[in-house]
Amino acid sequence: MLSDCLLNNFRITSQIGSGAYGLVFHVVEIMTNREYAVKTVFKSSSMDEFYNKNGLNNNSQVARTTLLQTQLYHFFKSFQKKLFLPSVDLDSILQLTENELNRLPHYREIAFQLKVQSHENIVKIHQVLESSIATFIVMDYYDRDLFTSIVDHKHFINDGVLIKKVFLQLCSALDHCHRLGIYHCDIKPENVLLDRNDNAYLCDFGLSTKSKYLAPNVCVGSSYYMAPERILYCLNTTTNGIHVDECCSSLPTDTGDIWSLGIILINLTCIRNPWLKAHQKDDNTFHHFANNNHVLKKILPISDDLFTVLAKILQLNPYTRIDMKTLMSEVSSLTSFTKEGPLSQVPILSDEVCMTNIIRNENLYFEEMPHLAVDQEQNQEQPQEQEEVEPESDIPSTYNSDGSMEKYDYTNNNNNNTFLSSSMDSTPYQSDIDDIGASKDCKFQQDTLRNRLLCLQMNISTLTDGPNEKWLPDY
Ligand SMILES: Nc1ncnc2c1ncn2[C@@H]1O[C@H](COP(=O)(O)OP(=O)(O)OP(=O)(O)O)[C@@H](O)[C@H]1O
């Protein structure tokens, strides 16, 4: 609809994304033919005015997207499809105070991204253009996101080194953000873009925060990837050895991002999500996991090696989760991701490879990881001795379904077999989180079809093959 509109020196060619607050376009710079992405963030005042004028409500995502497109189209049309907008000085955005950001909430995302974008693996903002109805953010363009690459292109199924590369780059980018006091809070494959050489770039800082701590149950992020303390905080103090008083009023934000990385590691290696949300009451798989984390080995084709790392990431207690540095070191050193198939043997990445090929920002801490410089041959012959712990008897091991795939739910029948049933539920959440006392109400965001696909994938293979025999039909 907006194709061939001009925005300063950029020609809009197509829409490439839409989110809760705006639209993303592919554009080409007229003089250089260089491609960029332009994210259009609508001002809430202009949207409210538009909704009121047209007697509309803005609850449905599809309706929202259509309205945003229509509003933008009329805006361009009123200027003969050629908009010439002033650009905002990027340094001045970085100087905005907390009070100013409160008055200009859509600039918070821009300010946070500008603050961290010096890292090689973070999408760069080049210009910010201001209009009466929306702000246009001109960024580097990448034609694939990690979700499409994992699910549609099956790009990672044979390549353990590639998995390590993308994962470690993502860790490195996130670590950089954390060191600068920015917590992303929406780590998911859709928010990681890939270039032609499979380098990863973190984007979408729309939910990021500077709050080092958040109150428990502040829902922020997307449900599959959200840490349990963001959904339902019910840490058992006796088993985790932490006093409720000590950790109940606020919990660290950075370890929430680490949890999401764990789910991404599962996505990359298994093309599956382990559960719909880390909610002990609403999600039976997660409930089983919370009782005994070895359930992961039942429902996923993971190796003992990978299980050991995942168990350190997916700690219910945010204080005992693995730190970024150790996580990167352990993932680099993994010798297998899965029990069978092409990912059952993966090379250890040496220090040098990590420095030169993976973590392109050499100031990061890989020089502190001397043990990574191990020969590959040496690595192959060292299967880690792992104590095999049998899952408890009520852990799901067989599955059934009523055919619809939106949501899975384990229900024990009399024979203690576990059935897979489904129900409709849209799960990603967002809430305003910029201080610890922020609202605990969850605003529900429409689930994306693409995220559902990932679950669908899991259910189909689980149904057809059973989790322990053959885990991916393609293999
Ligand atoms: N720089 C970019 N290059 C290519 N595609 C991009 C770029 N930035 C965003 N996109 C695409 O647009 C989609 C939406 O972008 P983004 O997540 O930033 O918007 P959003 O409004 O915050 O969305 P959501 O509400 O889903 O988080 C992304 O998932 C991605 O597919």
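Start at 1 and go down the list; that is how both ligands and their atoms are numbered.
At a heavy-atom distance under 4.0 Å, no atom of Leu207 approaches ligand 1. Neither the backbone nor the side chain of Asp143 has any atom closer than 4.0 Å to an atom of ligand 1 (non-hydrogen atoms only).
For Asn8 (side chain) and Phe10 (main-chain N/O), no donor-acceptor pair under 3.5 Å exists by modelled atom type.
Counting all heavy atoms, side chain and backbone alike, Ile163 lies closest to Leu268 at CD1-O, 3.5 Å. Closest non-hydrogen pair, Ala37 versus Asp140, comes out as CB-O, 4.0 Å.
For ligand 1, the atoms lying closer than 4.0 Å to a non-hydrogen atom of Asp145 are 31 (O). Near Gly17, with a cut-off below 4.0 Å to any heavy atom, the atoms of ligand 1 are 12 (O), 13 (C). Annotation for ligand 1: atoms under 4.0 Å from non-hydrogen atoms of Asp140 are 1 (N), 2 (C), 3 (N). The atoms of ligand 1 that sit less than 4.0 Å from any heavy atom of Asn191 are 17 (O). The contact set between ligand 1 and Tyr142, taken as ligand atoms under 4.0 Å from a residue heavy atom, comprises 3 (N), 4 (C), 5 (N). Interface atoms of ligand 1 facing Tyr141, defined by a heavy-atom separation under 4.0 Å, are 3 (N), 4 (C). Under a 4.0 Å criterion applied to the non-hydrogen atoms of Ile16, ligand 1 contributes the atoms 4 (C), 5 (N). Within ligand 1, counting atoms from 1 as listed, the ones closer than 4.0 Å to a heavy atom of Leu193 are 1 (N), 2 (C), 3 (N), 4 (C), 6 (C), 7 (C).
If you check the side chains of Ser87 and Gln127, you find no donor sitting under 3.5 Å from an acceptor. A donor-acceptor pair shorter than 3.5 Å cannot be found between the side chains of Gln169 and Ser172.
Ion pairing between a basic and an acidic side chain is recognised when a charged N comes within 4.0 Å of a carboxylate O; Asp257 and Arg321 show no such pairing. Using a 4.0 Å cut-off between a side-chain N of Lys or Arg and a carboxylate O of Asp or Glu, Asp198 and Lys165 do not qualify as a salt bridge.
By the salt bridge (charged side-chain N to carboxylate O under 4.0 Å, His left out) test, Lys312 pairs with Glu330, sequence neighbours left out. Under the side chain to side chain contact (heavy atoms under 4.5 Å, CB included) criterion, Asp204 pairs with Lys39, Glu109, Asp186, Asn191, not counting sequence neighbours.
Considering backbone and side-chain N/O of Glu109, none are found under 3.5 Å from N/O of ligand 1. At a 3.5 angstrom cut-off on N or O pairs, Ser18 does not count as close to ligand 1.
Not a single heavy atom of Gly206 sits closer than 4.0 Å to an atom of ligand 1.
Looking at Glu35, Met139, Lys39 and measuring to atom 19 (O) of ligand 1, the nearest heavy atom belongs to Lys39.
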